Structures are given as C-alpha cells and as structure tokens.
Amino acid sequence: MGVFSTVKEIFVASTESANRSGGMSDGSKGAYWCHDCNERTRDVDVVGDDPPNCPVCSTEMEFERSPSSTGCAC
C-alpha cells in the first residue's frame with residue numbers, strides 16, 4: 001500500500017495550484033495576443049482601456065482569456 005499512497009500523493013500534488021481562483025493574484029484576467037507574430041502582452045501591463053498594438057508588426061492585438069481556472073491565458 002505504500003507505493004499506491006505515494007503515487008496518489010504525487011498526482012494530488014501535481015494538480016494543486018496556489019492560484020485556482022480564475023485570475024492571477026495581481027488582478028490579471030488574460031492577455032493580448034498577436035496571432036501573426038505570436039506576441040503576448042498581459043492585460044495588467046497595458047496602459048489604458050484600448051487594445052495595444054503588437055510591438056513587432058504594429059497591428060491591434062486581441063484580448064483572450066483562458067476558459068480554465070488555472071490563471072493562465074495560454
């Protein structure tokens with residue numbers, strides 16, 4: 001039984017996250033993406049309410065947020 005309890009502990013630990021609230025602790029709700037350039041800018045790093053332009057190609061970036069509760073916008 002020792003092996004099974006150890007394996008169970010490993011699986012439980014691998015699914016635990018300190019941040020499962022749906023947003024990051026700094027208030028982030030997602031990120032802006034440029035799908036052509038694969039550039040990403042977190043929403044908390046953007047000044048103002050308008051979507052930023054891509055730093056590589058200068059087109060307007062699109063806001064996306066992850067449907068999962070991991071806090072990641074990838």
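Throughout, residue positions are numbered sequentially from 1 according to the sequence presented. In this text, all values refer to a predicted model and were calculated from it rather than measured experimentally. Hydrogens, waters and symmetry mates play no part in the numbers below; they use all other heavy atoms, side chains included.
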Can you tell me how far the SG atom of C54 sits from the CZ atom of R40, to the nearest 0.5 Å? 14.0 Å

Could you check whether any side-chain heavy atom of C34 comes within less than 4.5 Å of a side-chain heavy atom of V56, counting everything from C-beta outward? no

Using side-chain contact (heavy atoms from CB on, under 4.5 Å), reason through E64 and H35 one step at a time and then give a plain yes or no. CA-CA 11 Å; E64 294 183 3; H35 296 286; 2.7 Å; yes

Pairs in or reaching into residues 37-61: which pass ring-ring contact (aromatic ring centres under 6.0 Å, His included), with residues at least two apart or in two chains? none

What's the verdict on salt bridge (charged side-chain N to carboxylate O under 4.0 Å, His left out) for R65 and D43, showing C-alpha distance, side-chain angles and the deciding distance? CA-CA 10 Å; R65 66 182 250 195; D43 62 336; over 6 Å; no

Connected hydrophobic set around Y32, excluding itself, where side chains approach under 4.5 Å: V46, M61, F63

Sequence neighbours excluded, which residues qualify as side-chain contact (heavy atoms from CB on, under 4.5 Å) partners of N53? E60

With heavy-atom distances below 4.5 Å as the criterion, would you say the side chains of P51 and E62 are in contact? no

